[in-house]
Each structure stands twice: as C-alpha cells, then as structure tokens.
There are 2 protein chains.
Amino acid sequence: MTPSTMREMADILRNAGIPVTLQRVEIARVMLSQHTHLSADQVLAKVQQSVPETSRATVYNTLRLFREKKLVRELIVDPERIVFDSNTDPHYHLYNAEQGTLIDVSADELQVVGLPDLPPGLQLDEVDVIIRVRDRKP
Amino acid sequence: MTPSTMREMADILRNAGIPVTLQRVEIARVMLSQHTHLSADQVLAKVQQSVPETSRATVYNTLRLFREKKLVRELIVDPERIVFDSNTDPHYHLYNAEQGTLIDVSADELQVVGLPDLPPGLQLDEVDVIIRVRDRKP
DNA sequence: GTAATTGCAAACTCTTTGCAGCATG
DNA sequence: CATGCTGCAAAGAGTTTGCAATTAC
C-alpha cells in the first residue's frame with residue numbers, strides 16, 4: 001500500500017467516524033480503493049495477503065461496521081454468500097450465477113417506473129434490480 | 001384437504017410430469033393452492049400439521065423439483081433463507097425485512113426501462129426487482 | 001485504568017447429501 | 001424386480017458469538 005493510499009483510507013475511516021486500526025485500513029484498501037463486489041471470504045483472502053494476522057471474525061465485524069456507516073452495501077443476489085459492494089451510488093446489477101460475475105448498471109441507463117405508493121407507516125429503503133443472465137446454450 | 005383440492009393438486013403434479021405422492025400433494029397444497037411466499041421451514045411446519053411423517057429432506061427435495069418444473073420461483077431477498085414464491089407470473093416484490101413481509105407488485109404497475117444490451121453469448125434469465133421498505137421511525 | 005479491538009474456536013442456521021428401508025409400477 | 005421416494009442423521013458452508021488477550025486512549 002502506498003503511503004498516499006494508507007492516508008486516504010485512514011481519512012475515509014475517520015470521516016465515517018470509525019476508529020482507525022491496521023486491519024480496518026487494510027480491509028478498506030481491499031474494498032474501498034476501487035469499486036468491487038467481494039464476499040467476506042474473498043476480502044479475508046485478499047487482506048491476509050498483506051496482513052496475515054487478520055481473522056475471519058474481524059473481517060465480518062469490519063464489513064458490518066462499514067455497512068452501518070454506509071461505506072459499502074450488502075447485495076443479496078446469491079443464496080450462497082453475501083456480496084459487499086463498494087459502489088454506494090444508486091445503481092443496479094447484472095448477475096451471471098454460473099460465472100459468479102456481477103456487473104454494475106448505472107441508474108442513468110436503467111430506470112424503474114411505477115413504484116407503488118407505500119402503505120402508511122412505511123418508508124422506502126432502497127430498490128434493488130438484479131438482471132439475471134446465463135450463458136447461451138446453443 | 002377437500003377431495004377436490006386433492007384432485008386439483010394431483011393434476012398439477014401430473015401435468016408438470018411429477019409422479020404423485022402423498023408428501024408432494026401435501027406440499028403442493030401448501031404452496032400452490034394460493035399465491036404465497038414461504039421458506040422451506042415454513043412449508044415443513046405447515047405440511048407436518050396434516051402429514052407429520054414428512055421430513056425436512058423431502059420438503060427441500062420437493063421444492064427443488066417444483067422449481068425445476070417451474071411450479072414455484074426461488075426468491076433471494078434475505079440472506080437468512082430462501083423464499084419460494086408460487087406466483088409464477090412476471091411480477092416484482094416489496095419487502096419489509098423487519099416484519100418479514102413480502103408483497104407482490106404486478107408487472108403492470110411497475111416496469112423496468114432501459115435494460116442494457118447483453119454481451120454476446122449471454123441470454124436474459126429474469127429481472128428481479130425488490131422494493132425494500134422499513135417501518136417509519138418517528 | 002477503562003473501553004475497544006482482535007483472534008480463536010465453537011456455535012448456529014440453512015441447506016444438501018449418503019444411505020438404508022419402503023413403496024410403486 | 002427395478003426404480004425411485006422417503007426419513008434420518010450427519011455433513012457442509014457461511015455467518016455469528018463468547019471470551020480471553022492485547023491494544024489504545
């Protein structure tokens with residue numbers, strides 16, 4: 001990690017009100033230095049490449065913390081695992097279950113029209129759109 | 001189960017090419033006699049009210065079979081459990097995670113516009129829309 | 001010194017699987 | 001008789017939790 005990345009990640013954490021630790025900076029580097037879609041185990045594997053003294057529990061704890069602070073979103077697209085998305089702008093997803101690939105679709109291209117009125121006492125949280133595709137079988 | 005329901009469920013199974021058994025008729029009654037959203041465990045609990053000699057494995061096997069035969073859809077809305085939906089018409093969902101309630105939104109009311117062109121070699125499987133709501137906190 | 005953070009291992013939940021017995025055609 | 005369906009129990013995967021040791025303020 002370059003010094004500037006280190007500093008950038010630490011700043012993101014502080015701005016979010018998260019006390020800075022080595023493991024959190026490292027998890028931030030993996031998740032937040034570019035847009036990605038990663039499962040908790042994928043994050044663990046990447047973090048352990050640079051900081052082997054990182055436990056699975058810390059990764060789960062930290063990802064939950066990041067989610068609460070809105071640094072990442074949880075995507076529920078596959079029953080096997082939760083995917084964490086570091087793109088927090090409004091957007092949708094194209095998912096290929098066979099390959100496990102997940103691609104962002106900007107909210108500029110794709111829109112949802114005709115959202116129903118919500119029953120009173122409810123407020124909109126978010127709208128997920130998942131375009132599920134598969135390999136064309138000839 | 002009235003005799004007519006019994007017969008109706010057996011017909012649905014036969015039409016789908018599924019050999020008729022007591023457990024399958026019972027699971028069909030729970031899932032298919034009206035539109036519902038149920039987890040495997042909820043189906044198990046309901047089926048066991050009338051046919052206690054029904055195992056968890058059979059419920060999972062049968063729900064998978066129903067899915068392959070397009071009698072039900074699998075909904076991935078909550079990381080805790082898979083929900084099976086007996087409404088196989090095109091439609092979307094409004095989900096309240098706190099209450100666990102899931103409501104159908106017809107494809108007549110709500111539409112997705114601007115679906116991206118798919119990369120060659122891919123075909124569209126389905127488009128899921130989940131409107132996530134929560135209780136309004138005053 | 002008090003509180004927060006971490007690692008380890010165990011626990012937990014949902015789902016799948018292996019296998020023996022039973023039923024079915 | 002051969003196939004396939006069922007129940008039971010165990011296995012498996014992902015996630016959470018309890019707790020003691022360490023670190024930080």
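Quick caveat: nothing in here was measured; it's all calculated off a predicted structure. We name chains A, B, ... by the order of the sequence lines, and we start the count at 1 in each one.
- In this model, a donor atom of one side chain and an acceptor atom of the other lie less than 3.5 Å apart for B/Y95 and B/D78.
- Considering only side-chain N and O atoms, B/T21 lies nowhere under 4.0 angstrom from the phosphate OP1 or OP2 of C/dA23.
- Look at CG on A/L65: it is 13 Å from P on C/dA4, rounded to the nearest Å.
- Taking atom CG of A/L63 as the reference point, atom P of C/dT6 lies 12 Å away to the nearest angstrom.
- Heavy-atom minimum distance, A/D135 versus B/Q123: O-NE2, 3.7 Å.
- In this structure, A/E26 atom CD and C/dT6 atom P are separated by 13 Å, rounded to whole Å.
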For residues 82-89 of chain A, please give each side-chain donor-acceptor pair under 3.5 Å, one per line with the distance, not counting sequence neighbours.
from	atom 1	to	atom 2	distance (Å)
A/D85	OD1	A/N87	N	2.8
A/D85	OD2	A/H91	NE2	2.9
A/D85	OD2	A/H93	NE2	2.9
A/S86	OG	A/M31	O	3.0
A/S86	OG	A/Q34	O	3.1
A/S86	OG	A/T36	N	2.8
A/N87	OD1	A/D89	N	3.0
A/N87	ND2	A/D104	OD2	2.9

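- Just one residue in the list A/L22, A/V25, A/T58 forms a side-chain contact (heavy atoms from CB on, under 4.5 Å) with A/V51, and that residue is A/L22.
- Residues meeting the salt bridge (charged side-chain N to carboxylate O under 4.0 Å, His left out) test with A/D41, sequence neighbours left out: A/R56.
- Going from atom CD of B/Q23 over to atom P of C/dA23 covers 11 Å, rounded to whole Å.
- Under 3.5 Å, the side chains of A/S50 and A/E26 contain a donor-acceptor pair of N or O atoms.
- If you take CD1 of A/I18 and P of D/dC25, they are 15 Å apart, rounded to a whole angstrom.
- Taking atom CZ on A/F66 and atom P on C/dT5, their separation rounds to 12 Å, with Å as the unit.
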**Message:** I need a per-nucleotide contact map over nucleotides 11-18 of chain C, read 5' to 3'. Cutoff is protein heavy atoms under 4.0 Å; write B for the base, S for backbone only, - otherwise.
**Reply:** ---SBBB-
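- Whole-Å rounding puts the B/R24 CZ to C/dA23 P distance at 16 Å.
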